[in-house]
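Following: one structure in structure tokens, then a few remarks.
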Amino acid sequence: MKALLIVDVQNDFLPGGALAVPQGDAIIPVINNIQQHFKLIVATRDWHPANHGSFASNHDNRQVGEVIRLHGQQQVLWPDHCVQGSPGAEISPLLNQGLINNVIFKGSDPDIDSYSAFYDNGHLKETGLHAYLKRNGITSLFVCGLAADYCVYYTVKDALLLGYEANLLTDATRGVNLQPEDTDKAFKDMEKRGARLMTSTELLK
């Protein structure tokens, strides 16, 4: 059984948003086009409280892009984004949401970030995604969304650790690229760990 996992296609990650992924909106038509080929679709949402520790604004004399230790975890500091209840936290209205079966919220603990759709960054708490997929007999995941070098990357790594067959749809994701090579490095590492990299065209054949 297979499922489509759409990671964080939220307004703040799209052009004009607080943490815009370059060309992040270009993936939406691709995702809409493939949804009809899945019986189970799950979306995720970053859902941060305003005092979240990943926000540079919550640390004196710190700037966006700096790396700190946050309760024992290495943490990149980001602009305030996907704040609970804000328009930026909403799933993009351009994304077809009518076929989405479940939405998983992550990153709601102010003390630790949650890039992965499965766990927080310390693997201390689960989001509930794994249990949901198991209940539905899912063994194969097709992953897309934002951003390729952070939340998508960590989600694919955890999917592999949990025993799923992980497929990354390369034309349905884009990276933040704090460093120019970040997305390329993430793609290569996911493939090295056992993920299958493919395009939506290959999926639809």
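Only heavy atoms go into these numbers, but all of them, side chains included; no hydrogens, no water, no symmetry mates. On a predicted model such as this, the values are computed, not experimentally measured, just so you know.
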- Task: Given side chain to side chain contact (heavy atoms under 4.5 Å, CB included), test Met1 with Asn136 step by step and report yes or no.
- Result: CA-CA 8 Å; Met1 286 286 289; Asn136 284 278; over 6 Å; no
- Note on the structure: Between Asp80 and Ser57, the two heavy atoms sitting closest are OD1-OG, 2.6 Å
- Check side-chain contact (heavy atoms from CB on, under 4.5 Å) between Thr173 and all other residues, then give those that pass, not counting sequence neighbours. Ala148, Val152, Leu168, Phe187
- How many angstroms lie between atom CZ of Phe13 and atom CG of Asp8, to the nearest 0.5 angstrom? 5.0 Å
- Query: Going from OG1 on Thr155 to CG on Leu129, what distance comes out if it is rounded to the nearest 0.5 angstrom?
  - Reply: 8.0 Å
- Query: Is there a donor-acceptor pair closer than 3.5 Å between any side-chain N or O of Asp12 and the backbone N or O of Ala18?
  - Reply: yes
- Task: Check whether any side-chain heavy atom of Leu169 sits under 4.5 Å from a side-chain heavy atom of Leu4, and report yes or no.
- Result: yes
- Is the side chain of Asp149 donor-acceptor paired with the backbone N or O of Ala186 at a distance under 3.5 Å, no angle test? no
- Query: Would a distance-only check, ignoring hydrogens and angles, find a side-chain to backbone donor-acceptor pair under 3.5 Å from Gln73 to Leu70?
  - Reply: no
- Task: Could you give me the CA-CA distance, side-chain angles and deciding distance for Tyr153 and Asp182, then say whether side chain to side chain contact (heavy atoms under 4.5 Å, CB included) is met?
- Result: CA-CA 10 Å; Tyr153 173 54; Asp182 282 353; over 6 Å; no
- Selection residues 83-100 - residue pairs positive for side chain to side chain donor-acceptor pair (under 3.5 Å), sequence neighbours left out: Arg45-Glu90
- Query: Is Val64 reachable from Val67 through a run of hydrophobic residues whose side-chain heavy atoms are each under 4.5 Å from the next?
  - Reply: no
- Task: Would you tell me whether Asp171 and Ser200 have side-chain atoms, one donor and one acceptor, within less than 3.5 Å of each other?
- Result: yes
- Donor-acceptor pair, Asn58 side chain versus Gly53 backbone, under 3.5 Å? no
- Leu94 side chain near Pro29 side chain, heavy-atom distance below 4.5 Å: no
- Query: With clusters built from Ile, Leu, Val, Met, Phe, Trp and Tyr whose side-chain heavy atoms come within less than 4.5 Å, directly or transitively, what are the remaining members of the cluster of Val30, listed by chain and number?
  - Reply: none
- Task: Of all the heavy-atom pairs spanning Ala20 and Pro15, show the shortest one and how long it is.
- Result: CB-CA, 4.0 Å
- Query: Between Ile100 and Leu95, is any pair of side-chain heavy atoms under 4.5 Å apart?
  - Reply: yes
- Note on the structure: What one should report as the nearest heavy-atom pair of Val7 and Cys151 is CG1-CB, 3.8 Å
- To the nearest 0.5 Å, what is the distance between NE2 (His123) and OG (Ser114)? 9.0 Å
- Could you check Thr127, Thr44, Asp46 and say which one makes a side-chain hydrogen bond (donor to acceptor under 3.5 Å, both in side chains) with Lys106? Asp46
- Message: Could you measure the distance from the CG atom of Asp109 to the CH2 atom of Trp47? Nearest 0.5 Å is fine.
- Response: 15.5 Å
- Here the ring-ring contact (aromatic ring centres under 6.0 Å, His included) pairs for residues 158-181, sequence neighbours left out, are Phe118-Tyr164, His130-Tyr164
- Note on the structure: The single option from Lys192, Lys185, Arg193 that satisfies salt bridge (Lys or Arg N to Asp or Glu O under 4.0 Å) with Asp189 is Arg193
- Message: Count I, L, V, M, F, W, Y as connected when their side-chain heavy atoms are under 4.5 Å apart, and connections chain through other members. Are Ile104 and Ile41 then in the same cluster?
- Response: yes
- Flag yes if Leu162 and Leu124 sit in one hydrophobic cluster, no otherwise; membership is Ile, Leu, Val, Met, Phe, Trp, Tyr, and two members link when side-chain heavy atoms are under 4.5 Å apart. no
- Task: Quick one: closest heavy-atom pair of Leu14 and Ile28, and the distance?
- Result: CD1-CD1, 4.0 Å
- Task: Step by step, work out the side chain to side chain contact (heavy atoms under 4.5 Å, CB included) result for His71 and Ile112.
- Result: CA-CA 7 Å; His71 299 283; Ile112 191 165; 6.0 Å; no
- Sort out for me which residue in Lys2, Glu165, Arg196 forms a side-chain hydrogen bond (donor to acceptor under 3.5 Å, both in side chains) with Ser140. Glu165
- Item | Qualifying side chain to side chain donor-acceptor pair (under 3.5 Å) pairs, either residue in residues 14-33, two or more places apart | Asn32-Gln35
- Message: Other members of the hydrophobic cluster containing Phe55, with the 4.5 Å side-chain heavy-atom rule, please.
- Response: Val83
- Between Ser116 and Asp158, which heavy-atom pair has the shortest distance, and what is it? OG-OD2, 2.7 Å
- Item | N/O donor-acceptor pair under 3.5 Å between Asn121 side chain and Tyr115 backbone | yes
- Query: Distance from Gln179 atom CD to Asp184 atom CG, nearest 0.5 Å?
  - Reply: 13.5 Å
- Query: Taking the side chain as C-beta and beyond, is there a heavy-atom pair between Leu5 and Leu133 under 4.5 Å?
  - Reply: no
- Which class fits the ring pair His52 and His48: parallel under 30°, tilted 30 to 60°, perpendicular over 60°? tilted
- How far does CG of Asn167 sit from CG of Leu197, to the nearest 0.5 angstrom? 9.0 Å
- Nearest atoms (heavy-atom pairs only) where Leu19 meets Pro79: CD1-CD, 3.8 Å
- Message: A side-chain contact here means heavy atoms from C-beta on lying under 4.5 Å apart; do Gln63 and Leu77 qualify?
- Response: no
- Message: Between Tyr150 and Val21, is there a side-chain heavy-atom distance shorter than 4.5 Å?
- Response: no
- Item | Gln75-Asp113 side chain donor-acceptor pair, cut-off 3.5 Å | yes
- Task: Just do the side chain to side chain contact (heavy atoms under 4.5 Å, CB included) check on Phe38 and Asn101 with the steps written out, would you?
- Result: CA-CA 11 Å; Phe38 292 88; Asn101 302 97; over 6 Å; no
- Message: Hydrophobic clustering (ILVMFWY, side-chain heavy atoms < 4.5 Å, transitive) - are Ile138 and Leu161 grouped together?
- Response: no
